[in-house]
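One structure below.
Keep in mind that this is a model prediction, so the values were computed, not measured.
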Amino acid sequence: METLTDYQSIEATIKKDLVMIIAKTHTCSTCAMINEHLKNTVKRLDEIDHYQVFVDDVDSFRGKHVVFSVPTVLIFSEGKELLRESRFIDTHKINRLIDAYLS
């Protein structure tokens with residue numbers, strides 16, 4: 001999974017058709033496992049672009065997208081937030097959204 005390291009890259013990325021951003025920190029133990037969890041439970045994950053952002057490196061992302069806790073999964077389409085899941089990630093919601101969007 002590619003890591004976005006500056007806010008300009010993030011802004012360009014969220015303007016894509018459908019993209020998932022996973023907000024993390026370097027010290028969060030749950031964050032370290034979230035990629036594997038999503039890979040195992042989100043059926044069509046490979047069909048969308050997905051990235052990670054370490055909010056301790058890109059603090060402006062935390063402020064501009066109101067990320068208070070990690071991990072936070074955000075799904076955007078053309079710059080608009082479609083879904084936000086924090087801490088306890090409901091992968092059923094993510095699966096339904098991706099299925100609906102790609103169908």
Please round to the nearest 0.5 Å and tell me the distance separating atom [atom1] of [X] and atom [atom2] of [Y].
{"X": "D6", "Y": "E11", "atom1": "CG", "atom2": "CD", "value": "10.5 Å"}
{"X": "T13", "Y": "Y51", "atom1": "OG1", "atom2": "OH", "value": "5.0 Å"}
{"X": "T41", "Y": "I94", "atom1": "OG1", "atom2": "CD1", "value": "7.0 Å"}
{"X": "E47", "Y": "I98", "atom1": "CD", "atom2": "CD1", "value": "8.5 Å"}
{"X": "R62", "Y": "S69", "atom1": "CZ", "atom2": "OG", "value": "9.5 Å"}
{"X": "K43", "Y": "T91", "atom1": "NZ", "atom2": "OG1", "value": "9.5 Å"}

### Query
Could K64 and Y7 be counted as a cation-pi pair, given that NZ or CZ must be under 6.0 Å from the ring centre and within 45° of the axis?
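That pair qualifies as a cation-pi contact.
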### Single-linkage hydrophobic cluster, 4.5 Å side-chain cutoff, I14 and L18 together
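No; L18 is not reachable from I14 via cluster members.
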### Message
In this structure, would V42 and L102 fall into the same cluster of hydrophobic residues linked by side-chain contacts under 4.5 Å?
### Response
yes
### Query
Should T72 and R87 be marked as a side chain to side chain contact (heavy atoms under 4.5 Å, CB included) after you check the CA-CA gap, both sets of side-chain angles, and the distance that decides it?
CA-CA 6 Å; T72 295; R87 285 193 179 166; over 6 Å; no
### Task
May I ask you to decide if I48's main-chain N or O and H50's side chain share a donor-acceptor pair within less than 3.5 Å?
yes
### Message
Could you check whether any side-chain N or O of Y101 sits under 3.5 Å from a backbone N or O of S77, counting only pairs where one atom can act as donor and the other as acceptor?
### Response
no
### Message
I'd like to know whether NE2 of H92 has more than 12 heavy-atom contacts from other residues, nucleotides or ligands below 6.0 angstrom.
### Response
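It does not: H92 NE2 has 12 such atoms or fewer within range.
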Does [X] reach the side chain of [Y], with side-chain heavy atoms less than 4.5 Å apart?
{"X": "I21", "Y": "F76", "value": "yes"}
{"X": "C28", "Y": "P71", "value": "yes"}
{"X": "N95", "Y": "R44", "value": "no"}

#### Entry: salt_bridge(D99, R96) N-O dist < 4.0 Å
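The answer is no: the pair does not qualify as a salt bridge.
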### Task
Answer yes when K15 and E78 have at least one side-chain N-carboxylate O distance shorter than 4.0 Å, and no when they do not.
no
#### Entry: Where V70 and A23 come nearest, the two heavy atoms and their spacing
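That closest heavy-atom pairing would be CG1-O, 3.7 Å.
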### Query
Do you know the tightest heavy-atom contact between F54 and T3?
CD1-CG2, 3.8 Å
### Task
Let me see the working for V53 and I22 under side chain to side chain contact (heavy atoms under 4.5 Å, CB included), right down to the final yes or no.
CA-CA 6 Å; V53 173; I22 303 161; over 6 Å; no
### Task
Applying side-chain contact (heavy atoms from CB on, under 4.5 Å) between M20 and each of V73, D49, L83, report the one that passes.
V73
### Message
Can you tell me which residue among L4, T5, V19 is in a side-chain contact (heavy atoms from CB on, under 4.5 Å) with I10?
### Response
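Answer to the side-chain contact (heavy atoms from CB on, under 4.5 Å) test with I10 among L4, T5, V19: L4.
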Under 3.5 Å, which donor-acceptor pairs do the side chains of residues 30-40 form with other protein atoms, sequence neighbours left out?
from, atom 1, to, atom 2, distance (Å)
N35, OD1, K24, NZ, 3.2
N35, ND2, Q52, OE1, 3.3
N40, ND2, E36, O, 3.2

